[in-house]
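Notes follow once the structure below has been shown.
Chain naming here is simple, since letters A, B, ... match the order of the sequence lines and numbering starts at 1 in each.
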Amino acid sequence: MQYDHKKIEENWQKHWAENQTFKASNTSDKPKYYVLDMFPYPSGAGLHVGHPLGYIASDIYARYKRHKGFNVLHPQGYDSFGLPAEQYAIQTGQHPAKTTEENIKTYRRQLDRIGFSFDWSREVRTSSPEYYKWTQWIFIQLFNSWYNKDSNKAEDISTLVSTFEKEGNKKVNAVCDDEIQSFTASAWKKFSKKKQQEILLQYRLTFLSETEVNWCPTLGTVLANDEIVNGVSERGGHPVVRKKMKQWSMRISAYAQRLLDGLNTIDWPQPLKDSQTNWIGRSQGAMVSFKVLPNEVTEEKGTLSYKKIEEIKELRLNSPKVTSLLWDVLRKKKGAVKFRQQYILGDFLTDFVCFSKKTIVEFTGKEDEAERANYFATEGYTVVYITNDEVLENIDAVLSKINNGIQFPKIAEIQKVAKKVLKKKVEKEVEKHIDVFTTRPDTIFGVSFMTLAPEHELVSQIVTYKQKKAVKAYIHATAKRSERDRMADVKTISGVFTGAYAEHPFTGEKVQIWIGDYVLASYGTGAVMAVPCGDQRDYDFAKHFNIGIPNIFEGVDISEEAHEGKDGTKIANSDFLNGMPYKKAMKTIIYELEKRGIGYGKINYRLRDAVFSRQRYWGEPFPVYYKDGMPQMIDAKHLPIVLPEVEKYLPTEDGKPPLGRAEKWSWNTKTNTIVDNSFVISSGVEKSQNNGIYPLELNTMPGWAGSSWYFNRYMDPGNTEEFASKEALDYWQDVDLYIGGSEHATGHLLYARFWQKFLFDKGIVPVDEFAKKLINQGMITGTSAFVYQLNFSFKFKDTDKENTKLEISGNENIFVSKNFVDNKDFDFWYPKYFSKLSKMHIEDILKYEQVSKPIVSFIPKHSDVSFVNTSDELDIGAFKNWRPEYNDVKFVTEEDGTFKVGREVEKMSKSKYNVVSPDAICEEYGADSLRLFEMFLGPLEQSKPWSDSGISGVYSFLKKLWKLYHSGDEGTFVVSKDKATAEELKTLHKTIKKVDEDIANFSFNTSVSSFMIAVNELGSLKCNKREVLEPLAILISPYAPHIAEELWNKLGHKTSIATAEFPVFDGKHLVESSKNYPISFNGKMRFMLEFPLDMNKEDIEKAVLADEKTIAQLAGREPKKVIVVPGKIVNIVG
RNA sequence: GCUCAAGUGGCGGAAUUGGUAGACGCGCUGGAUUCAAAAUCCAGUUCUUUCGGGAGUGUGGGUUCGAUUCCCACCUUGAGUACCA
């Protein structure tokens, strides 16, 4: 019987499935080993050959561990919630559950065909209610927890409540919202229930907050930072804008330090650790508080420009409703009093003014109220202040107030009030501080200005009247710039002076306060103390705006650039820091800051809390309903909260998420069931309280929710009572080997570590890192095939249309073979390959003198790679039939009649027609060949292009392997009982050793070559001894399990090879008596000489020097030195 | 810009602590077998050469008896990150 991969593979795949060969037990005497793959998102396109790379590697490892006597858990499942299924649903109306189910079927069929040893009885799907019940449950646990910095772990919210009841929140050391009011125990008790809930929400590990989010209008959802690439959405490349929304967030920032520390305890790739470290972005430094100096009260008055008057006119047209309402009333008011609207008085734009009575009517709450009042008073006006509410509620009262004002012009009194207001304002300003975070507090004496982010809340409060216009314009301009624009020109320096000054905390000097968009509102405090001599950006800013650059470094030239280095320089011109090196200066300054109460040492993280709400349909629903606008958790015993049906998967017309379309999406707190929305009487909250029915949360959870804990579920996937049983969790503990792509570095792999740490804090899981070892498999890229379309273009000589290209279109669709592409000679192409029609066409064009000679170019077009053989020759017929527009194309072939395509490495993708399906490979060469070949391509971690050309090598290896166990033309199975020769045993044990080492190093490519070497050697020895061939089958079985099972079966075994004991290496078979020494001269190997291994150094040296080849090589020169390394090498220095 | 990884034949790649550079496979060349092709088998295949040899692991230096491996500088490519104070 000849090697028939199809029959063998089908048989064994069936056998494994029927016998559940790879089912893992949760109780075993064997040591446990957990091998995990990152579970796939089942896309509609199915698997391509790049997907199984990691699965093959982990499968080899899992099978190897079974041979080594481990109880192996090797599960697989589907990350089946996600955007593509939803978008497909939007387009076709097909329920995402249905498409997902179909895609999973395809995936399963494809996976089964490759012969993986997955325990399918443990399959999980994130989109199944039995699974997401526990995702919802974890969410509730997070909601019911807060992070205690004193115990450095998450604790139940009840411990926080009891602390509040006993001593308020003064002593609570929690990770919570930044602006939290402090309260005493008695105050806490007096708070309303709602107020208490609001406060607690600021402490919970998952919380609702109004946050600026990345909103993608095209997708109609928010995106996490890691879902945005280069300012556009990772999926689809749609633009993303900043928008404020009420969202669920996860307080991952609480775990920043532990996520960082944990990296030292796990064996993960360094680049991946580096990118998590960068993402967390820890920086050590200090907080420093700068006092803002009060603005000068009297400022010179400017004159209003023409432009400003234009602005006012516009303002008048757009005046808000209330103003126009009042204006209507004042205008119609009968009598001698005439009001004017929005009249300019001095520098100020008044709301309403009556000249005859010297009265001004103004709305309260203007930023420059004090200055206005002062001015109006000095000019002899009476000001009547009104509010919006007054106008709306009782316009008559307002009118009488105005009337009273008119009859009551008490200038002196108004001035008194104005002074009071001013004073109050000045006092308030004295209290203003700008807090900054800096990593270089030691350079504080080099501060010459400060910069605030344009969005900083203090900006509007401190800006002087004079600078207001410029500042407003700048803020407006920055807000308008998209993320992408800002990224595009990083180098442009821009900013505006606010007119305000801060006081240097040590020197007391006045420091200008600027705003600039190089300062980000989202990092630190959104403000920096600028030290131009020590920070290049500050330096550039100072240079650009002509701000002073004091030098505080001893002996450093800063005339050209800032000095950013820390070590090796001493601080100067810095009072008590003078002469200190970096480290000492840091310690001293932090001590001083803390002593004076103007700052403190601080560690800052770049890691932001993770937004957890998505405005999507196809995700986990939240177990949340809203009562009085406050979120309430549904009791865990009522889970799962199953995704409702909707008729369309789009957001609602009024902008609510798709779940807003569900008719049955309200929570009945009496029956604890999901009920029809009509029971919630209108949207009025009070009414709904009566019948205990409340609206459910409309957002769903993000893609990473389900994938952040699935590895724990595999341990006990069928458990309906618990997340996973304590016994299962204790037995399996954690993942021993995790294989997957590096693209999840700052997404899934960070969130999963976060949840695991949280679950560990709560005593739910036994370890706080879920995966001991992780390997990133490289991406397999595609090798696209290109055909080149011949194209002529013309350039007009006419200066006006110099760059206009005229392309010939129509009948002459000509593709040229790769080797012709370099030939751009028009005279070569023109006569030979053009039809009469186009010839006339070209000649017509050439009649115009202003047209230059045609330029020949070739337009590359993708061809499907399946039309191309391993020699890059195109199947022209297949290509022509591929698409209607190619039916009539002509081909310019090589001299031998073949047509060659061009090749280029690109990401494997449907749109590039370079996708190779594993099914096709399995069909032609078999799964064992595919497995061996993917491993043989190169190191696992490295990314590499796919090319079919090498696959014949592994296929013929399998055939040779098969032949070792068979003989004759018929291929009869023949294995002899004879004792193996020393040489045969040497080959076997050499291979055992190598494969053991290779697997330990995850160097699968090299073990495939050692199999080849072994089979080649045994083949030339004509070895068919059972003593060698039986262990050989086990050695190969992790890599090529089907053929190994078949041979094992033929060798007479009744049980699967899967748990056969791995051959044990015995060094005695490799012992040699002599060594063929390389003899090198000055390090260059020239020839070999054989000596016994037990020969000593001196004798070898003598023998080598006496050899005639040595004498010839030396050509009479005297050797200066001879180095003999016994068992290795001889080197002669001449 | 910063961080990380990597540069070896025509191609994928090998060389585990410094010790025979190019294992293994593809491709190519020649041969056997065949009516022929496929398949299979055998031999050769880094470059260069006056057939003695010489050069050679991105470039230039260094350490060493000896460097693909260690150190320094630079170049190129890929990945991540992006005004992070």
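Partner of A:P1078 under the side chain to side chain contact (heavy atoms under 4.5 Å, CB included) criterion, chosen from A:M1088, A:K1084, A:K1128: A:M1088.
The partner of B:G66, taking Watson-Crick or G-U wobble pairs whose two distances both stay under 3.5 Å, does not exist in any strand shown. Across all strands shown, B:U46 forms a Watson-Crick or G-U wobble pair with B:A55, both key distances being under 3.5 Å. Here B:C4 sits opposite B:G78 as a Watson-Crick or G-U wobble pair (both hydrogen-bonding atom distances under 3.5 Å). Nucleotide B:U40: paired with B:A32 (Watson-Crick or G-U wobble, both distances less than 3.5 Å). Base pairing annotation: B:C11 forms a Watson-Crick or G-U wobble pair with B:G25, both donor-acceptor distances under 3.5 Å.
Checking the phosphate oxygens (OP1, OP2) of B:A14, a side-chain nitrogen or oxygen of A:N1005 falls inside 4.0 Å. Look at A:R608 and you won't find any side-chain N or O under 4.0 angstrom from OP1 or OP2 of B:C84. Considering only side-chain N and O atoms, A:S283 lies under 4.0 angstrom from the phosphate OP1 or OP2 of B:A85.
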Taking protein heavy atoms under 4.0 Å as touching, what does nucleotides 51-67 of chain B look like 5' to 3' if B marks base contact, S marks sugar-phosphate-only contact and - marks none? ---SS---------BS-
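Aromatic ring pairs are classed by plane angle as parallel below 30°, tilted from 30° to 60° and perpendicular above 60°; the pair A:H504 and A:F290 is perpendicular. Aromatic ring orientation, A:F1011 versus A:F957: parallel (interplanar angle below 30°, classes split at 30° and 60°). Aromatic ring pairs are classed by plane angle as parallel below 30°, tilted from 30° to 60° and perpendicular above 60°; the pair A:W514 and A:F545 is tilted.
Backbone-only contact: A:Q942 has heavy atoms under 4.0 Å from sugar-phosphate atoms and none from a base.
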